[in-house]
Amino acid sequence: MIKSLILYMSDQPRLQRMASNMEVSRRVAHRFVAGEKVREAVEAVQVLNQKGFSATLDYLGEMVTKPDEASHATQEYLAALSQIHLHNLNSNVSLKLTQFGLGIDEELCRSNVEQVIKLAGDFNNFVRIDMEGSPCTDATIRIFTSLRRQYENVGIVFQAYLFRSENDIQDALALHSRIRLCKGAYKEPPEIAFKKKSATDANFVKLMKILLKSSVYHGIATHDPAMIAATKEFAQKESIDKKHFEFQMLYGVRRDLQENLLKEGYPVRIYVPYGEEWYSYLMRRMAERPANLLFVLRNLLRG
Ligand code: FDA
């Protein structure tokens, strides 16, 4: 059953056509994506802030191949930061280097991202560089390190499924960098990444402990109740204050856990994606959890 649903969902043009024809694309995507325009993202963050969550805005897109596409993404992020400032939102931004031209030219990419970091600095805000697939890891760390040496308000992400992440984390901590720890969302070969969930989870816990023991404010990004419990337990055992770190979760995913953590007094930041390129983002969330396919199909059929 699940296999045939995945096959059905992987017919992307058909699904996208169907979704837009039936005018249900908004309803389907709205579970996980704030909207197509920055205005809708602002509204979503306002609602989250009212509930007590902080946010990080992600203008969807990756792997651009033309400098003007990278420049467009840069302008979108500058506009998002201005909107955050204008509306006094509790939100920073998260970006992907391949959306800023990493695949075209490293220097072009660095200079685009630098513009965003500079404006964020003017607004006393912060920029998180997401981590993409392993072909990008070295270049992402190179650009991040060079920017971090110049700017305080930039952080990075490391993925627990990669063998190299512990070393990379030690290097980033030497620069007092703010780190987001996640499990990792890309398909990676067994030569460089843990393939078993149990091994990734064990490494996640190991890396989480390194981060919590450091003096810097980090993000623990997961919806896995076992990872959340391990983090809470370690913090308690080591008398680490709840406000010394934050949990981070994706918009629309495990809202029950998001609210519980908030009630328990932990800072929780919600990753809020928006933009026209919602389809591939939605597919990644589907791949993570086939039960989400049923959610999408239910909405399609209701339309
Ligand atoms: P895991 O996948 O083990 O899932 C545990 C449980 O969480 C599931 O049983 C289910 O209950 C729930 N869950 C997980 N995913 C769900 C979904 N899509 N829908 C509904 N329930 C779901 N990755 C990366 O490679 N680079 C990055 O920069 C980032 N950035 C990032 C930011 C933030 C804020 C988050 C939360 C995640 C990322 N990720 C990421 C994605 C991350 O690597 C990972 O793919 C997902 O978070 C899923 O892993 P979990 O830790 O949630 O656990």
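We count ligands from 1, going down the list as the structure has it; atoms in each ligand are counted the same way. Position 1 is the first residue of the sequence, and the numbers go up from there.
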Contact between V116 and N112 at the side-chain level, heavy atoms closer than 4.5 Å - yes or no? no

Looking at side-chain heavy atoms only, is the closest gap between H85 and L119 below 4.5 Å? no

If the criterion is any heavy atom closer than 4.0 Å to an atom of ligand 1, which residues make the list? D130, M131, V157, Q159, R180, C182, K183, G184, A185, Y186, K197, A221, T222, H223, D224, Q248, M249, L250, V253, R254, Y271, R285, E288, R289, N292

With K242 as the cation and Y266 as the aromatic partner, state whether NZ or CZ is under 6.0 Å from the six-membered ring centre and within 45° of the axis. yes

Y59 ring center near Y274 ring center (under 6.0 Å): yes

Taking the six-membered ring of Y271, is NZ or CZ of R269 closer than 6.0 Å to its centre and within 45° of its axis? no

Take atom CD of Q170 as the centre, draw a 6.0 Å sphere, and report whether it contains more than 12 heavy atoms from other residues, nucleotides or ligands. yes

